[in-house]
Amino acid sequence: HPLNGAARDEEDSMDLVQHYLEDYYNLAKDAKQFAKRKDSSPVVKKIQEMQKFLGLKVTGKLDSDTLQVMHKPRCGVPDIRE
Amino acid sequence: FRTFPGMPKWRKTHLTYRIVNYTLDLPRDAVDSAIEKALKVWEEVTPLTFSRIYEREADIMITFAVRNHGDFFDFDGPGKVLAHAYPPGPGINGDAHFDDDEQWTKDTSGTNLFLVAAHEFGHSLGLEHSKNPEALMYPVYNSSTDLASFRLSQDDVTGIQSLYGPPPA
């Protein structure tokens, strides 16, 4: 079934978050659906690392400030390397 | 500030740069002056000097490209990633790539080429991203930067001088 607007937005957001954490914060790539693991400790840890690096409130959650920064244009060099 | 692992840096103070191709968003002379101004930002606080060459391999090769451009780090269309650059060294190292799917502008109505170039050249010279939101080397593009009064932050100056020292007195 075609996703409705909200569901599609949610999926787009998860896509953005997954790539952001993989590309810039060295989150291990994983074939499992990201939405299902976004509350897992490795992902929460990476969200916290990203929030700390970028000077955001460290919540470990995908709050609006965190998602807003992830949508901003930026440099392609990773923030955290292996 | 942060430097790259192993603190790669240029072992010479005179570096060359080459503008390999141009974006169609701006007149060529506007690209030339934005690049020159972006290098001067670092020149003013270090012993480094830059000269432009028009052929052969320069230390800093500057290219505009879209999507897959041969370095395993594809650009992603308009928005998100604006550019990337490589730390000091031979070959692709030191080079700076700009995503030509962005709308490059002289002011901040689009993506300001001078600001992004100055940030990427920080990488070309050995700086990684800074956690300081006031720093030029902070990873997120700040479209509200006042270009007229732009200066490197102390974090940027301390960082680059940790690699090359201050300019000669």
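Throughout, protein chains are lettered first and strands after them, A, B, ... in sequence-line order, and every chain is numbered starting at 1.
In this model, a donor atom of one side chain and an acceptor atom of the other lie less than 3.5 Å apart for B/D71 and B/Y86.
A donor-acceptor contact shorter than 3.5 Å links the side chain of B/D25 to the backbone of B/W104.
For B/P5, the part lying near chain A is the side chain, with the backbone staying farther off; criterion is any non-hydrogen pair under 4.5 Å. Residue contact with chain A, scored on non-hydrogen atoms closer than 4.5 Å, is absent for B/E102. Using a 4.5 Å cut-off between heavy atoms, B/F75 does not touch chain A at all. Contacts between B/S143 and chain A at a heavy-atom distance below 4.5 Å are absent for every atom of the residue.
Considering only heavy atoms from C-beta on, B/T49 comes within 4.5 Å of B/E43 through its side chain.
Contact tally against chain B (heavy-atom pairs below 4.5 Å) for A/G55, A/P73, A/P78, A/G76: the top residue is A/P73.
In this structure, A/Y24 OH and A/M50 CE are separated by 10.5 Å, a value rounded to the nearest 0.5 Å.
A cation-pi arrangement is present between B/K37 and B/F114, with the terminal nitrogen or guanidinium carbon under 6.0 Å from the aromatic centre and inside a 45° cone about the axis.
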